[in-house]
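In what follows, residues are counted from 1 in the order of the sequence shown. Hydrogens, waters and symmetry mates are skipped; everything else that's a heavy atom, side chains included, is used.
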Amino acid sequence: MALKGWSGPFLPLPRTTLLKLRLALSSCVKQESNSSNKQTLAASNRRMGFVLLSIVITFFIGIVIKRSMLG
């Protein structure tokens, strides 16, 4: 079994550095997922608002037409 020599920019990182790097990457991923979750929630809320607004407008138009035709 031959040992591989490490030199230049390919020096092995200590275990603590790898753990810190892994934690930093996972926190970045969490922030991105939180951001995308917020955007998804905002889009969903906006869509629900438009649906409710269309229901209210339809109801209002129905009442106006009823009053104008039936007096």
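- Once rounded to the nearest 0.5 Å, the distance linking CD1 of Ile65 with CG of Leu70 reads 11.0 Å.
- Ile61 CD1 to Lys66 NZ: the interatomic distance, rounded to the nearest 0.5 Å, is 16.0 Å.
- Although no hydrogens or angles enter the test, the distance criterion places a donor-acceptor pair under 3.5 Å between the side chain of Thr40 and the main chain of Ser36.
- Applying the side chain to side chain contact (heavy atoms under 4.5 Å, CB included) test between Phe50 and each of Arg47, Met48, Arg46 identifies Arg46 as the sole match.
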